[in-house]
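Every chain is numbered from 1, with letters handed out A, B, ... down the list of sequences. Values in this document were obtained by computation on a predicted structure and should not be read as measured data.
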Amino acid sequence: MAEKSGADILVECLLDLGVEVVFGYPGGAVLPIYDALFNHPTIKHVLVRHEQGATHMAEGYARSTGKPGVVLVTSGPGATNAVTGITDALMDSIPMVVITGQVPTQLIGTDAFQEADTVGITRHCTKHNYLVKDPAKLAGVIHEAFHIATTGRPGPVVIDIPKNVQIATAPYKRPEPVAHASYHPQTKADAAGIDAAVEMLAAAERPVFYTGGGVINSGPEASTLLRELAAMTGAPVTSTLMGLGAYPATGPQWLGMLGMHGTYEANFAMNKADLIICVGARFDDRVTGRLDAFAPNSRKVHIDIDRSSINKIVDVDVAIVADVGSALSDMVALWKARGHEAADLSAWWAQIDGWRAKKSLDYAENATEIMPQRAIADLYKACTATGKDIIITTEVGQHQMWAAQHFGFDAPNKWLTSGGLGTMGYGFPAAIGAQMGNPDSLVICVAGDASIQMNIQEMGTASQYRLPVKIFILNNEYMGMVRQWQELTYQSRYSNSYSDSLPDFVKLAEAYGWTGIRIDGPDDLESGIRAMIDTPGPVIVDCRVAKLSNCFPMIPSGAAHTEMLLDPSQVKGSMTDEAKALV
Amino acid sequence: MHIQEELSQRHVLSLTVSNEAGILARIAGLFTARGYNIDSLTVADITQDHGVSRITIVTNGPPKVIDQIMAQLDRLVPVHKVTDLTESGPFVERELALVKVAGVGEDRIEALRLADVFRAKVVDTTIESFIFEITGTTDKVDNFVGLMRQIGLVEVGRTGVVGLIRGKEAI
C-alpha cells in the first residue's frame with residue numbers, strides 16, 4: 001500500500017469524516033498540515049486572527065449545526081491561546097476536535113522553541129486528549145477523537161501531533177469502526193427509571209419540567225419529544241440558559257428561564273413543585289440558588305447522559321442515565337401505552353398565573369434613555385418580522401441575561417451563549433462560526449461594550465470571508481454585571497468596572513470595511529435596528545443604553561428561589577461574608 | 001467567616017485502565033482538580049499483553065464525595081471499570097513496606113522479636129541494622145513502624161494498598 005505523510009493522513013481523515021470547515025491559524029509546527037490542506041480545497045479553512053477566536057467559532061459552528069467544530073493551531077502559544085475555548089466547550093458540552101502542532105518528538109521536553117506541554121495543559125479541560133508519536137496510529141486516533149467528541153456527553157478532544165509525525169509516512173486506509181476498549185457511554189435508559197418517572201408524572205399535582213442544554217445536544221428530535229411530552233402531561237416547562245429554544249418561548253406552558261436571572265414564575269414553580277423532571281440539566285449553582293432551600297417539597301427525576309452529573313449537587317429520587325432524546329422517546333411511548341391522560345393541573349396553573357401576574361421581567365422606562373431590555377425586545381420584534389432564520393449569540397454579562405430574558409427562542413440551536421465557563425469574548429467569534437455553518441441565517445451577536453473587545457480582532461475574519469454578521473452592542477460604558485454586583489455587595493464602590501477609553505465603534509466598523517451604526521436615544525432605536533437588519537454586510541451597532549440599569553429579577557448569592565429581588569428598591573447594597581464568598 | 005468540612009470515611013477503590021501514556025497523570029490530576037484526597041495510590045499492569053493496569057486508590061471523603069469520585073473516574077475515557085472495594089463486600093487489602101531499623105544489643109534483639117510477631121522478614125542486615133519486609137493491612141504496617149520508631153527506625157518505604165474482593169469472581 002502506498003504510504004502517506006502524517007499530514008496527508010490527517011487531511012484524508014477529515015475528508016472521510018465529512019469535515020467541511022476548519023478554523024485555524026498556521027505556525028511552524030503545523031506547516032506540513034497547512035501544506036496538505038493547500039491541496040484539498042474542499043475543506044474550507046477559516047483563517048482567524050487569534051486562536052481563542054478559532055475555538056469559539058468552532059463552538060458556534062457546532063452549536064448551530066449539530067456537527068463537530070474543528071480547530072487547527074500550532075504548538076506552544078497556538079495551543080495555549082486555544083485553552084479558554086477548549087474549556088468553554090468542556091463546560092457547555094460542545095463537540096469539538098482541536099488539532100495542535102507539537103515540536104518534533106526528539107525535542108519534546110527540551111524547552112524547544114514554541115514548545116508547550118499541550119496534553120498536560122489540556123488534560124483537564126478536554127473530554128480526552130492524545131499525543132500521537134507514530135504516524136501509523138494517527139488515523140485511528142483521529143477517528144476515535146471525533147467519535148469521543150460527538151458521542152455520550154459531547155466535549156472537546158485535543159490531538160497533539162509532533163511535526164516529524166506530520167512528515168513521516170505510514171500506510172493509510174480508512175479505519176473500520178471498532179468497539180472501544182473502555183469508552184461506552186450509556187444512551188438507552190433502564191426501563192425501571194422510565195417507568196418510575198412516567199408514573200410519578202402521571203400522579204403529580206404540581207410537576208415542572210426543568211430542561212437544559214442536554215436537550216439541545218441530543219438533537220432537534222429531543223426538542224420535538226419534549227414538546228410532545230409537555231403537551232401530553234400539561235406540565236409547565238422552564239429551562240436553563242443553555243436549554244433555551246428546546247421548548248418554544250411562545251409555547252403555552254413556557255415559564256421562562258429559571259435561576260439567578262430567571263422569572264418569578266419559573267423559580268416559584270420550582271420551589272413549590274411536588275415533582276421536578278430535570279431533562280439534560282445539571283443543577284448548576286446559577287439555577288439552584290441556596291441549596292438547602294432548593295425545591296424543598298419535591299421529588300426529583302434526573303435524566304442525564306453523564307452519570308457524574310447525577311447526585312453531584314442535588315440528590316434525586318429517580319436517576320435516568322441516558323441520552324435525553326432516547327429517554328424522552330421512551331417516556332412518551334410508555335405514557336401512551338399506559339393510557340395516561342393529562343391530570344387536572346388547573347389549581348397548579350392558577351398558582352403559576354398568580355406568580356406570572358408579578359410581571360417580573362417588566363422594567364421602568366423614560367423618554368430620554370434606551371432601557372437595555374427595550375433594546376432587546378425591539379430587536380426581537382424586528383428579527384421576528386423578517387421571517388428569516390435568526391441565530392443569536394452573546395458575550396457574557398448583563399446583556400447576555402437581558403437577551404435570555406427578552407428575546408424569545410422557538411427552536412433549538414438558535415441561541416449560542418457561554419453558560420458554564422462564562423467566557424467574555426465568546427459571542428462574536430461564535431457568531432462567525434454560526435454564520436459559516438448557516439450562510440442564509442441572520443446571525444446577531446448581542447454584546448456589551450466591555451466583552452466585545454475581548455475578541456474584537458475577529459472583525460477581520462468576518463470581512464475576509466464575507467460573513468454578514470451583526471454585532472449589537474448594549475453600550476453602557478461599564479462592565480455592567482461587575483458593576484451591578486459591586487452595587488449589590490460593595491456599597492456601589494465601582495472598582496475598575498468602568499469602561500474607559502472605549503473605541504468609537506462606528507469608526508472601528510468603517511476601519512474594517514463594515515457598516516457602523518450608532519443609536520443614541522429611544523427615537524433612533526427602531527430605525528437603527530431596521531438599518532442593521534437591512535444592511536447586507538457585517539454591521540456594528542453601538543446602542544447607547546441607560547448606564548446604571550441592573551438586571552432583574554435576581555436571586556442574590558446564597559439566597560433561595562423565593563428570595564428574588566424584583567426591582568432596584570429591594571437592593572440593600574451589602575452582603576454577609578458568607579454570601580460574598582459565593583460566586 | 002469559617003470554612004466547614006464534612007466527616008470523611010476511608011474507601012479503597014480498584015480501577016482497571018488501559019495501560020497508556022498519561023493515564024496516571026489523568027487520574028492523579030482528577031483528584032487534585034476536584035479537591036479529592038488520595039491517601040495512597042498503586043499502579044501496575046496486570047495482563048499478559050501489558051494492555052491493562054490495575055490502579056488501587058485509598059481515598060477518604062463523605063459518601064456523596066466518594067460517589068462523585070467513582071462517577072468522575074468512570075467518565076475518563078481510558079478507565080474500564082471502577083469498583084469501591086469498601087462497598088462491594090468482603091475484600092482483601094495488603095501493602096508491603098520495607099522498614100530500616102538501626103541498633104545494637106538489646107534493641108537489635110527486640111527488633112527481631114517484634115518482627116517475628118508481625119511475620120516480617122529480614123531482607124538485609126548489617127551488624128548495626130536490619131531491613132524488614134512486612135506485608136499486611138495499613139493498620140498492621142502502621143503499628144509495626146510505630147514500634148520500630150521506638151527502637152531505632154531509620155527510614156520506611158511503602159507500596160500503598162492493593163486489594164481484591166474475596167471469592168472466585170473477578171471485579
Side-chain angles (χ1 to χ4, degrees), chain A residues 87 90 93 105 108 117-134 137 141 144-145 147-149 151-153 155 157-158 160 180-186 282 291 304-316 319 321 558 575-582, chain B residues 1-6 13-36 38 43 45-55 59 61-84 87 171:
Chain A
T87 313
L90 182 73
S93 310
T105 47
I108 288 177
D117 173 12
T118 301
V119 285
I121 290 168
T122 61
R123 192 167 287 132
H124 302 297
C125 61
T126 52
K127 183 172 173 185
H128 196 50
N129 65 10
Y130 303 87
L131 169 64
V132 186
K133 291 177 164 177
D134 176 358
K137 292 192 173 149
V141 165
E144 184 178 298
H147 175 64
I148 288 172
T151 55
R153 181 177 180 175
V157 177
V158 165
D160 200 26
H180 195 277
S182 53
Y183 174 74
H184 308 288
Q186 182 176 348
R282 58 183 177 86
L291 272 176
D304 203 303
I305 200 161
D306 182 358
R307 152 83 180 82
S308 76
S309 287
I310 305 226
N311 295 333
K312 180 171 70 176
I313 312 285
V314 170
D315 291 330
V316 297
V321 179
M575 279 187 195
T576 63
D577 281 355
E578 277 76 11
K580 272 185 194 168
L582 295 169
Chain B
M1 192 187 85
H2 300 283
I3 295 170
Q4 308 214 325
E5 286 187 15
E6 283 181 274
L13 310 183
S14 179
L15 289 70
T16 44
V17 302
S18 290
N19 186 16
E20 61 183 43
I23 178 65
L24 195 56
R26 238 177 254 288
I27 288 176
L30 186 148
F31 275 73
T32 47
R34 294 193 181 265
Y36 307 143
I38 297 182
V43 55
D45 77 69
I46 53 166
T47 53
Q48 239 172 355
D49 63 357
H50 308 290
V52 176
S53 292
R54 181 181 308 283
I55 295 180
T59 182
K64 211 174 145 131
V65 171
I66 300 294
D67 185 56
Q68 259 299 298
I69 292 174
M70 301 273 294
Q72 293 290 349
L73 286 170
D74 205 29
R75 203 158 77 123
L76 296 176
V77 170
V79 169
H80 296 234
K81 191 164 187 199
V82 187
T83 308
D84 182 351
E87 292 291 318
I171 52 178

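Within residues 13-23 of chain B, the residues having any heavy atom under 4.5 Å from a heavy atom of chain A are, by residue number, S18(B), E20(B), G22(B).
Contact of D306(A) with chain B is made through the side chain alone, with heavy-atom distances under 4.5 Å. Of the atoms belonging to L131(A), not a single heavy atom falls under 4.5 Å from chain B. Using a 4.5 Å cut-off between heavy atoms, V77(B) contacts chain A through both its backbone and its side chain. Proximity to chain B is limited to the side chain of H180(A), based on heavy atoms less than 4.5 angstrom apart. Of the two parts of R26(B), the backbone and the side chain both hold a non-hydrogen atom closer than 4.5 Å to a non-hydrogen atom of chain A. Interface remark: Q68(B) contributes side-chain atoms only to the contact with chain A (heavy atom separation under 4.5 Å).
Counting heavy-atom pairs under 4.5 Å between each of K81(B), K64(B), Q72(B) and chain A puts K64(B) at the top.
Judged as a salt bridge (Lys or Arg N to Asp or Glu O under 4.0 Å), not a single pair has a partner in residues 117-130 of chain A (not counting sequence neighbours).
Taken from OH in Y183(A) to NE2 in H80(B), the straight-line distance is 14.5 Å, to the nearest 0.5 Å. Atoms OG and CD1, from S308(A) and I69(B) in turn, are 12.5 Å apart once rounded to the nearest 0.5 Å.
Applying the ring pair (Phe, Tyr, Trp, His ring centres under 6.0 Å) test to H124(A) and every residue at least two apart in sequence or in another chain returns nothing. With sequence neighbours left out, H128(A) forms a ring pair (Phe, Tyr, Trp, His ring centres under 6.0 Å) with Y130(A).
Residues N311(A) and D67(B) share a closest heavy-atom pair of CB-OD2, 4.4 Å.
More than 12 heavy atoms of other shown residues, nucleotides or ligands fall within 6.0 angstrom of atom NZ in K312(A).
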